[in-house]
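Only one structure is covered here, and it is reproduced in the block below.
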Amino acid sequence: MTTPKSEFLKTMTERGFFHQCSDLAGLDKLAEDGQIVAYVGYDCTAPSLHVGSLISIMMLAWLQKLGGKPIALMGGGTTRVGDPSGKDETRQMRSIEEIEANKNGIKQVFAKFLQFGEGRSDGLMVDNADWLAPLNYIEFLRDVGRHFSVNRMLTMDSAKLRLDREQELSFIEFNYMLLQAYDFVELNRRYGTNVQMGGSDQWGNIVTGIDLGRRMGVKDPLYALTCPLLTTASGAKMGKTAAGAIWLNEAQLSAYDYWQFWRNTEDADVSRFLKLFTFLPLAEIAKLEQLQGSEINEAKKVLATEATALLHGREKAEAAAETARKTFEQGALASDLPTVEIPQADLDLGLGVLSAFVKAGLVASNSEARRQIQGGGLKVNDETVTNDKASLSRSDATATGFIKLSLGKKKHVLLKPV
């Protein structure tokens, strides 16, 4: 690969964002001239994005920092259809009301990473429902559908995966790639958008949009730029943990738990994640890369604090770091640990220890709690739980008024009787 000349593509390459590009020389020239208007699409399938989406958000943020114009496309229209990419089965159909609620939740994240406004490089947030919802089906088939070859569509990974496994691919899902391709054309018409970015699993959909633009008379070249689908060094999918998804909205995941997620990064991933998920200069990251042995924990703390500051603000990031220091280094009961309220009546009746850990969100089920107890992994007020039939009562509340539940050494929740 030829070394890019533009700062944007240099950054994408040096920091690990670059996976594939439809025309590297053309896009490099566009970036050098400060002419990139790029978008990433986000379907509204949940009330928050999770950390797996963060790599594309950071691409948009770097684009803006380096003079390009970023567009965050909300999939208010495409979510009604459902993207089959990488899915073994049909997505659950969501009501328009649910999609709208999810969209409003997702919007909250982008203000942390992008500056929106009317300026040349200010970001835009738009919704593809604005042009997809009013479409006349017959006109859409005539104007857009005629440019698509079913033969070629069947070779796309999103369709081929299902067919090879003899799993159902609904007709509505089969239409998804038409809608995503049309988004690219419509965004070009409305805002001069010339680049679509996304995960490597979207490559087929993105280049289909480029081809559709050519067939529908888009004059200027369109480009595709994809990032890798991240897995951890141990092969786990980025953003998924045993306890569930790492959500970007604080309503779904506290700033403290978000900090802890990054603090628990595998040693082999620290350098890569510092480059991808912080704005720290590469020279500073290079110094952190030199840390070895137990000292690498200091680099993990830097990663956790910088990544959390981007999403939740510097004050909450530093508060999370201080809570962790008090809890793990001093053994203190920090009052700003995640707190779950429980009715006093539950304690008066005797709250089963298994149920307590489920209510606290530390385990997903009673059976998982029981397995953790067998392995010595659960503690109440720093005392290891050995009896899975034990119950908690008011007397278990410490002088601070809380009951501290712990999973392993790094996950703690306070139960607060109310």
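Side chains are part of it too, since the values below use all heavy atoms of this structure and drop only hydrogens, waters and symmetry mates. In what follows, residues are counted from 1 in the order of the sequence shown.
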For a quick test of reading the model, state the closest non-hydrogen atom pair linking Val363 to Ala369 and the distance between them. CG2-CB, 3.8 Å
Between Val144 and Val185, does a side chain to side chain contact (heavy atoms under 4.5 Å, CB included) hold up when you go through it step by step? CA-CA 10 Å; Val144 177; Val185 175; over 6 Å; no
Nearest 0.5 Å please: distance from the CH2 atom of Trp62 over to the CG atom of Leu276. 11.0 Å
How far apart are the closest heavy atoms of Gly67 and Arg120, and which atoms are they? O-NH1, 4.2 Å
Let's go through Phe113 and Leu60 carefully: what are the C-alpha distance in whole Å and the side-chain angles of both, what is the deciding distance for side chain to side chain contact (heavy atoms under 4.5 Å, CB included) to 0.1 Å, and is it a yes or a no? CA-CA 8 Å; Phe113 294 88; Leu60 289 173; over 6 Å; no
For the rings on Phe110 and Tyr42, is their centre-to-centre separation under 6.0 Å? yes
Using the rule given for salt bridge (Lys or Arg N to Asp or Glu O under 4.0 Å), can you reason through Arg314 versus Glu306, listing the C-alpha separation, both sets of side-chain angles and the distance that settles it, and then say yes or no? CA-CA 8 Å; Arg314 180 67 56 181; Glu306 292 301 315; 2.9 Å; yes
Hey, is CG on Leu282 packed in by over 12 heavy atoms from elsewhere, all under 6.0 Å? yes
Under 4.0 Å between a Lys/Arg side-chain N and an Asp/Glu carboxylate O for Lys287 and Glu284? no
Expected output: side-chain Lys69 to main-chain Asp122 donor-acceptor under 3.5 Å: yes
Would a 4.5 Å heavy-atom cut-off, applied to side chains only, mark Gln372 and Phe357 as touching? no
Within the distance-only criterion (no hydrogens, no angle test), does the side chain of Glu318 pair as donor or acceptor with the backbone N or O of Thr305 below 3.5 angstrom? no
Could you pull out the closest heavy-atom pair between Phe8 and Leu66, with the gap in Å? CA-CD1, 3.6 Å
Do Phe17 and Met197 have side-chain heavy atoms sitting under 4.5 Å apart? no
Would Met58 and Leu310 count as a side chain to side chain contact (heavy atoms under 4.5 Å, CB included) here? Give the steps. CA-CA 10 Å; Met58 290 295 290; Leu310 284 178; 4.1 Å; yes
With a 4.5 Å heavy-atom cut-off, do His412 and Lys404 have their side chains touching? yes
Just by modelled atom types, is the Ala251 backbone N or O under 3.5 Å from a matching donor or acceptor in the Asn249 side chain? no
Separation of Leu135 CG from Leu178 CG (nearest 0.5 Å): 11.0 Å
Please answer whether the main-chain N or O of Pro4 pairs with a side-chain N or O of Asp28 as donor and acceptor at a distance below 3.5 Å. no
Measure the spacing between OG of Ser355 and CD1 of Ile342 and express it to the nearest 0.5 Å. 11.0 Å
Hey, are Lys103 and Glu98 close enough for a salt bridge, meaning a charged N less than 4.0 Å from a carboxylate O? no
Check whether Asp211 reaches the backbone of Val207 with its side chain - one donor and one acceptor, N or O, closer than 3.5 Å. no
pair Val302-Thr278: side-chain heavy atoms closer than 4.5 Å: no
Between Gln20 and Ser200, is any pair of side-chain heavy atoms under 4.5 Å apart? no
Do Tyr256 and Thr308 come within less than 4.5 Å of each other through their side chains, counting heavy atoms only? no
Minimum-distance pair of heavy atoms, taken over all atoms of Ala224 and Ser22: N-OG, 2.9 Å
Sidechain-backbone polar pair: Arg325 side chain, Ala321 backbone, donor-acceptor under 3.5 Å: no
Salt bridge Arg371-Glu368, side-chain N to carboxylate O under 4.0 Å: no
Look at Glu32 together with Lys29 and state whether they make a salt bridge at an N to O cut-off of under 4.0 Å. no
Can you name the residues that form a side chain to side chain contact (heavy atoms under 4.5 Å, CB included) with Asp23, not counting sequence neighbours? Ala25, Tyr223
Report yes or no: do Gln180 and Gln196 form a side-chain donor-acceptor pair below 3.5 Å? yes
Quick check for you: to the nearest 0.5 Å, what is the distance between Leu378 atom CG and Ile373 atom CD1? 5.0 Å
Heavy-atom nearest pair, Asp388 first then Val353, reads O-CG1, 3.9 Å
Okay, side chain of Arg80, backbone of Gly76: is any donor-acceptor separation there less than 3.5 Å? yes
Before we go on, tell me: are the rings of Trp247 and Tyr258 under 6.0 Å apart, centre to centre? no
Report the C-alpha separation of Tyr182 and Phe140 in whole Å, then their side-chain angles, then the decisive distance to 0.1 Å, and conclude whether the ring-ring contact (aromatic ring centres under 6.0 Å, His included) test is met. CA-CA 10 Å; Tyr182 184 65; Phe140 182 73; 5.7 Å; yes
Can you confirm whether Leu54 sits close enough to Leu49 that some side-chain heavy atom of one is under 4.5 Å from a side-chain heavy atom of the other? no
Rounded to the nearest 0.5 Å, the CG atom of Asn128 sits from the CG atom of Asp43 at a distance of 7.0 Å
Return yes if some donor-acceptor pair links the side-chain N/O of Asn188 with the main-chain N/O of Thr193 below 3.5 Å, else return no. yes
Is there a donor-acceptor pair under 3.5 Å between the side chain of Arg15 and the backbone N or O of Lys275? yes
Counting heavy atoms not belonging to Lys112, are there more than 12 under 6.0 Å from its NZ? yes
Gln115/Gln64 under side chain to side chain contact (heavy atoms under 4.5 Å, CB included): CA gap, chis, key distance, verdict: CA-CA 8 Å; Gln115 176 181 321; Gln64 186 169 55; 4.0 Å; yes
Could you measure the distance from the CG atom of Leu280 to the CD1 atom of Ile285? Nearest 0.5 Å is fine. 5.5 Å
Looking only at non-hydrogen atoms, find the nearest pair between Phe184 and Val195 and report the distance. CZ-C, 3.8 Å
List the residues meeting salt bridge (charged side-chain N to carboxylate O under 4.0 Å, His left out) with Asp267, not counting sequence neighbours, and say none if there are none. Lys300
Quick one: does Asn194's side chain have a donor or acceptor within less than 3.5 Å of a partner on Gln35's backbone? yes
Is the number of heavy atoms from other residues, nucleotides or ligands within 6.0 Å of NZ (Lys359) greater than 12? no
